[in-house]
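Following: one structure in structure tokens, then a few remarks.
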Amino acid sequence: MIVRADLARHPADVAPALLGAVLTSTREDGQVAVRLTEVEAYAGVGEDPGSHAHRRRTPGNTTMFGEVGHLYVYFTYGMHWCLNIVTHADGLAGAVLLRAGAVIRGEPIARSRRPAATRDRDLARGPARLAAALGVDGSLDGVDLLDLASPVRLLPPQDAPTDASPAIRTGPRTGVAGPGAPTPWRFWFDGEPTVSPHRPAQPRGTPRHPAAADPRRPTG
DNA sequence: GCTGCGATTGACT
DNA sequence: GTCAATCGCAGCT
């Protein structure tokens, strides 16, 4: 049983404790459960340049400033949803990004939602893939993960800790550049095949499209 | 009002 | 390894 107080701490403290926890989503087409294998911590205003809440509260990040234990869902790259669990000490804004997991229940449903996945381990391998496998989008932003009646719920690890539990590893976060980049706030299970490949942040200022490329196309 | 870019992914070479 | 897809928001004018 996960209680609110477990999440009312700094996201960097909460994040490793969430590894192995189970996220379940119950949607119209069925229930899918995922065991978390990779997470990243994002702290609040001023403290963490990589966080959505770094600058100030906006309509888009309001959930991050709200009660801990709620789901923060954001839209990125014009097509992907990403899931976070709101966690912070009193009066701050913080969240743990759910980067990857292993589907432990409802695999056929997850597969139907992720037709591009060719292997089981790819069903929830990556933040947007995890959201897709669970069937979660922006309409579920702000739901209480600790409410029994919620469509998305957070449950403690189902297996008792044993010597065989995978070691937790840490490293710099994915896609975060600038002053906050070296902060080792990415946590994952060592050797887990569902952990997403780490991609270093792309340096800014180097145009990806050469000037010769004209975005206009002839009609056709 | 306009512009650039992002806590990404999948297809293609 | 490289690159296109696609849109809401922040920052600037």
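Per chain, numbering begins at 1; letters A, B, ... match sequence-line order.
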Taking a pair to mean Watson-Crick or G-U wobble geometry with both distances below 3.5 Å, dG10(B) pairs with dC3(C)

Rounded to the nearest angstrom, tell me the gap between atom [atom1] in [X] and atom [atom2] in [N].
X       : N      : atom1 : atom2 : result
N61(A)  : dG8(C) : CG    : P     : 17 Å
I85(A)  : dA7(B) : CD1   : C1'   : 15 Å
M64(A)  : dA7(B) : CE    : P     : 11 Å
E40(A)  : dG6(B) : CD    : P     : 15 Å
L130(A) : dT9(B) : CG    : P     : 10 Å
R121(A) : dT9(B) : CZ    : C1'   : 16 Å
M79(A)  : dA7(B) : CE    : P     : 14 Å
R99(A)  : dT9(B) : CZ    : P     : 7 Å

Is it the case that the side chains of T174(A) and E40(A) hold a donor-acceptor pair, with the cut-off being a distance below 3.5 Å and no angle test?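 On atom types as modelled, these side chains qualify, holding a pair under 3.5 Å.
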
Does a donor on one side chain sit under 3.5 Å from an acceptor on the other, for H10(A) and E47(A)?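 Their side chains do contain a donor-acceptor pair, which is all the 3.5 Å distance test asks for.
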
Under 4.0 Å between a side-chain N/O of [X] and OP1 or OP2 of [N], yes or no?
X       : N      : value
H52(A)  : dA7(B) : yes
T76(A)  : dC7(C) : no
R114(A) : dT9(B) : no
R55(A)  : dC9(C) : no

Kindly say whether, by distance alone, the side chain of Y74(A) makes a donor-acceptor pair under 3.5 Å with the base of dA7(B)?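 When only heavy-atom distances are counted, Y74(A) does reach the base of dA7(B) through a donor-acceptor pair under 3.5 Å.
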
Is there a side-chain contact between Q31(A) and I109(A), using heavy atoms and a 4.5 Å cut-off? no

Just to be sure I understand the rule, does G50(A) reach a base, reach only the sugar-phosphate, or reach nothing, if contact means heavy atoms closer than 4.0 Å?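 Result for G50(A) = base.
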
Quick check: is Y42(A) connected to L92(A) through a chain of hydrophobic side chains (ILVMFWY, heavy atoms under 4.5 Å apart)? no

Give a yes or no on whether V32(A) and L83(A) share a hydrophobic cluster (residues Ile, Leu, Val, Met, Phe, Trp, Tyr; joining criterion: side-chain heavy atoms under 4.5 Å apart). yes

Is the aromatic ring of Y77(A) within stacking range of dA5(C), meaning centres under 5.5 angstrom and planes under 30 degrees? no

Would Y42(A) count as stacked on dA7(B) if the rule is ring centres under 5.5 Å and plane angle under 30°?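 It does: the ring sits over the base of dA7(B).
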
Quick one: which of dA7(B), dC7(C), dA10(C) gets closest to the side chain of F75(A)? dC7(C)

Can you identify which nucleotide, out of dT9(B), dA7(B), dC7(C), has its nearest atom closest to the H80(A) side chain?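 Among dT9(B), dA7(B), dC7(C), the one nearest the side chain of H80(A) is dT9(B).
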
